[in-house]
Amino acid sequence: QVQLVESGGGLVQAGGSLRLSCAASGRTFTTYTMAWFRQTPGKEREFVASISWRGGYTYYVDSVKGRFTISRDNAKKTVSLQMNSLKPEDTAVYYCAAVYRGDCSNYGCYATPNRYDYWGQGTQVTVSS
């Protein structure tokens, strides 16, 4: 099993950058697909980005393509989300998620919250205009 702890959230002005980190416990981190989701009050949890456990494939929601980059460091058991050119619409609580192996055939599978078995506590990102 995996325990996840996010960090790096905070306040930033529009156009600025933040880097979120997710630290994982366990000895099987390398075999887990990792993802970032975000959620605002009254809205469904939204998929942001994911990275496969094998092959280094990445997936992004259209609204963050070209601005956000997901990466993982298996040696350090961390996954990061570099967020550039931030917009007020990016304001949300960001959650790290994981699923064992988690091979999928399409984007929709990776973007479904119910697919993930482990979640972090969340970190707040607030972007001011």
Residues, nucleotides or ligands: over 12 heavy atoms within 6.0 Å of Q3 CD: no
Shortest non-hydrogen contact between T123 and E6, atoms and distance: CG2-CB, 3.9 Å
Y116/F37 aromatic ring centres below 6.0 Å: yes
Which atom of Q124 lies closest to which atom of V93, heavy atoms considered: OE1-CG2, 3.3 Å
Parallel, tilted or perpendicular, as decided by the 30° and 60° cut-offs, for the rings of Y95 and W119: perpendicular
Verdict with supporting geometry, Y100 and W53, side-chain contact (heavy atoms from CB on, under 4.5 Å): CA-CA 8 Å; Y100 179 60; W53 70 276; over 6 Å; no
Test item: side-chain donor near acceptor, S17 and N84, under 3.5 Å: yes
Sidechain-backbone polar pair: T78 side chain, N74 backbone, donor-acceptor under 3.5 Å: no
Nearest heavy-atom neighbours spanning V5 and Q121: CA-OE1, 3.6 Å
Salt bridge present between D62 and K65 (N-O < 4.0 angstrom): yes
Exercise: identify the closest heavy-atom pair between C96 and L4: O-CD1, 3.6 Å
4.5 Å side-chain heavy-atom contact, R38 and V64: yes
Within one Ile-Leu-Val-Met-Phe-Trp-Tyr cluster: L11 and M83, side-chain cutoff 4.5 Å: no
Heavy-atom pair with the smallest gap, counting every atom of M34 and I70: O-CD1, 4.2 Å
K77 vs S25, side-chain contact (heavy atoms from CB on, under 4.5 Å): CA-CA, chis, key distance, verdict: CA-CA 7 Å; K77 297 183 179 180; S25 66; over 6 Å; no
Nearest-0.5 Å distance, CG of residue L81 to CZ of residue R72: 14.0 Å
Residue pair D90 / F68, side-chain heavy-atom distance below 4.5 Å: yes
Check: S52 side chain, Y57 main-chain N or O, donor-acceptor pair, under 3.5 Å: yes
N/O donor-acceptor pair under 3.5 Å between R67 side chain and S85 backbone: yes
Stepwise side-chain contact (heavy atoms from CB on, under 4.5 Å) check, L18 with V125: CA-CA 9 Å; L18 283 174; V125 172; 3.9 Å; yes
Side-chain donor/acceptor of T126 to backbone N/O of T91, under 3.5 Å: no
Candidate pair V61 and E46, rule side-chain contact (heavy atoms from CB on, under 4.5 Å), full reasoning: CA-CA 9 Å; V61 66; E46 177 189 29; 4.2 Å; yes
Residue pair A98 / Y32: nearest heavy atoms and the distance that separates them: CB-CD2, 4.1 Å
Y107 and F47, any side-chain heavy atoms less than 4.5 Å apart: yes
